[in-house]
Amino acid sequence: MSFALPNLAYDDAALEPYIDGTTMNIHRTKHHNTYINNLNGALQSADGAGMKGSSLEAICRNVQSAPSSVMTVLRNNGGGHFNHTMFWTLMAPVGSASSAPSGALKQAIDSTFGGVDAMKEQFNKAAAGRFGSGWAWLCAGDGGKLFITSTPNQDNPLMAGVAEQPGLPILGLDVWEHAYYLKYQNRRPEYIAAWWNVVNWDTVAKYYDDASNGKAPTMNVPLQ
Amino acid sequence: MWSRLGYLRRAWCGSVVRQHLARRDASSSAAADALVRSLSSVAASGSGKLQLPDLPYDYDALEPVISADIMRTHHTKHHQTYINNFNQALERLHGTDHPQTLISLQPAIVFNGGGYINHCIFWTNLAPTKQGGGEPPLQGSGLMQALERDLGGLNVFMSTMNTAGAGVQGSGWAWLVFNNNTKRLEVVTRPNQDPVVGAYTPLLGIDMWEHAYYLQYKNDKATYLKNIWQVVNWKNVQERYQAVAG
């Protein structure tokens with residue numbers, strides 16, 4: 001059994017004009033797919049055999065304890081597979097999902113950041129300020145307290161011992177150039193602002209619920 | 001004008017940059033000092049600001065290898081932004097004595113100063129074919145001999161460089177460098193915009209940030225790497241080599 005490329009719950013072009021269809025297509029079928037192929041390859045190897053059968057979440061949590069010969073490839077490609085799988089679920093065409101947080105999640109955002117706008121401002125700063133490639137995250141930490149962080153390359157907050165601020169991610173944004181370059185070129189802040197229009201707050205609420213129960217996001221991770 | 005405090009600030013900035021970069025390279029060297037001096041002298045000059053150098057050729061001159069769109073965006077947006085952000089960080093540096101603030105500005109100085117330097121080198125490392133781009137170094141030249149002695153000859157070197165470039169995780173550069181200590185050529189990579197300093201002198205860089213190729217090549221790094229050799233300005237690489245190897 002090996003990891004398979006997940007499908008989108010919407011068409012490639014469904015997030016337009018905020019994220020263009022060509023980017024969605026290349027991003028998933030080329031970039032994400034390459035992480036999956038590399039991850040599967042590493043797990044087939046002798047040194048990766050110990051992690052074979054592990055969940056994607058476990059691979060991320062345990063990168064530090066992987067054999068040194070496969071640690072980097074598991075970190076980059078296990079991280080890449082996890083991050084992108086989560087990313088596709090966090091977006092939805094306008095009007096097809098809640099466009100703002102509500103309930104317990106909203107309360108948590110209000111009490112932690114002073115409001116959704118204030119949270120977005122901090123998130124935007126983390127996303128724009130991540131130098132080079134990486135991701136920005138809204139996470140739940142100890143006691144379920146929300147915080148914002150960013151990670152380089154394909155690291156994520158699940159990676160104990162690797163992430164500067166470990167936690168349970170509930171919302172993430174890809175700020176690798178491949179995520180926005182075709183439409184936005186160097187204008188990353190414009191991409192970040194546009195992306196908020198397609199955030200699927202129902203999924204974020206689900207992941208917040210998971211985090212409140214001490215769990216990482218429960219996502220469908222298809223195998224073949 | 002530069003007060004005593006300004007002088008101390010400049011010296012501090014230099015030592016912070018040197019220490020940050022020394023973490024990557026084993027020893028400080030003339031190259032590191034040169035970097036620090038160039039950044040410090042910029043800081044010391046009246047205007048204190050970096051400026052965008054002109055390209056030595058038109059934006060479309062490297063076609064079909066690198067598109068005019070990429071060259072224009074790369075030069076007028078990315079390179080310019082490193083310069084703007086560096087100048088901004090420098091201004092903030094000038095405006096404070098607070099150690100925590102000075103320290104917090106260090107990443108921006110290195111990121112953007114490195115981005116400035118790396119792209120200055122890169123533009124000169126490339127040339128249109130009608131200006132010698134792609135023409136290999138002369139047989140028997142110092143550089144060619146060094147490539148043969150240290151890196152298995154031109155073809156093996158290019159293959160090594162391509163492998164290194166393709167293997168960069170995230171953003172970064174592949175570099176042909178001169179090891180100032182061993183006097184040998186090596187292929188190294190640097191993450192993000194970390195400049196080549198310390199034990200190494202940069203001779204030829206290939207920008208592996210996605211912005212360097214994405215509009216034209218999308219995810220196909222391998223073809224970008226295969227093609228770029230058609231516009232590598234070996235004369236410039238030779239000059240850089242001769243300047244350090246003698």
Side-chain angles (χ1 to χ4, degrees), chain A residues 20-39 42 63 71-80 83-84 125 128-135 150-156 162 164 174-191, chain B residues 20 67-86 88-89 104-115 118-119 166-173 189-195 207-224:
Chain A
D20 60 291
T22 307
T23 294
M24 288 303 290
N25 182 273
I26 298 174
H27 201 172
R28 190 180 61 98
T29 66
K30 306 287 184 194
H31 293 276
H32 187 180
N33 203 39
T34 299
Y35 292 124
I36 293 170
N37 291 339
N38 292 345
L39 175 61
V63 276
M71 196 188 300
T72 301
V73 72
L74 287 179
R75 178 175 175 177
N76 291 328
N77 297 285
N83 298 341
H84 288 85
K125 198 159 164 233
R130 167 46 62 179
F131 196 76
S133 308
W135 290 72
S150 74
T151 51
N153 298 342
Q154 294 298 348
D155 290 353
N156 63 46
V162 164
E164 239 174 48
D174 192 347
V175 291
W176 282 61
E177 286 176 328
H178 65 236
Y180 60 90
Y181 208 82
L182 295 181
K183 184 178 170 71
Y184 295 98
Q185 289 88 61
N186 62 305
R187 304 182 308 277
R188 194 195 283 185
E190 207 180 298
Y191 157 67
Chain B
H20 174 94
S67 70
D69 270 352
I70 287 180
M71 291 305 292
R72 188 177 294 109
T73 307
H74 205 170
H75 183 241
T76 66
K77 306 289 182 191
H78 292 277
H79 197 181
Q80 183 68 67
T81 299
Y82 293 127
I83 289 166
N84 296 344
N85 291 345
F86 178 85
Q88 213 176 75
S104 75
L105 289 168
Q106 184 226 95
I109 295 277
V110 176
F111 295 154
N112 294 292
N118 293 338
H119 288 85
V168 169
Q169 291 298 320
S171 307
W173 292 70
T189 61
R190 285 289 176 274
N192 297 331
Q193 293 296 352
D194 286 11
D207 191 349
M208 294 308 302
W209 281 63
E210 286 170 328
H211 66 237
Y213 59 86
Y214 210 82
L215 292 178
Q216 188 176 349
Y217 293 93
K218 315 297 191 296
N219 64 303
D220 189 2
K221 282 194 276 197
T223 303
Y224 163 66

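For the numbers below, each heavy atom of this structure counts, side chains included, while hydrogens, waters and symmetry mates do not. On a predicted model such as this, the values are computed, not experimentally measured, just so you know.
- The aromatic rings of B:Y214 and A:H31 sit parallel to each other, their planes meeting at less than 30°, with 60° as the upper class boundary.
- Note that CZ of A:F131 and CG of B:N112 are 5.5 Å apart. Values are rounded to the nearest 0.5 Å.
- Under the 4.5 Å side-chain criterion, counting only non-hydrogen atoms from C-beta, B:K218 is in contact with A:L182.
- Rounding to the nearest 0.5 Å places CG of B:D220 at 10.5 Å from CD1 of A:I26.
- A:H32 contributes atom NE2, which lies 14.0 Å from atom CG of B:N219 (distance to the nearest 0.5 angstrom).
- Rounded to the nearest 0.5 angstrom, B:Q169 CD and A:N76 CG are separated by 3.5 Å.
- The greatest number of non-hydrogen atom pairs below 4.5 Å with chain B, out of A:H178, A:R187, A:K30, is found for A:H178.
- Of all non-hydrogen atoms in B:H78 and A:E177, the two that sit nearest each other are CE1-OE2, 3.6 Å.
- A heavy-atom distance below 4.5 Å is found between the side chains of B:T73 and A:Y181.
- Residues A:Q185 and B:D69 are not in side-chain contact: their nearest non-hydrogen atoms beyond the backbone lie 4.5 Å or more apart.
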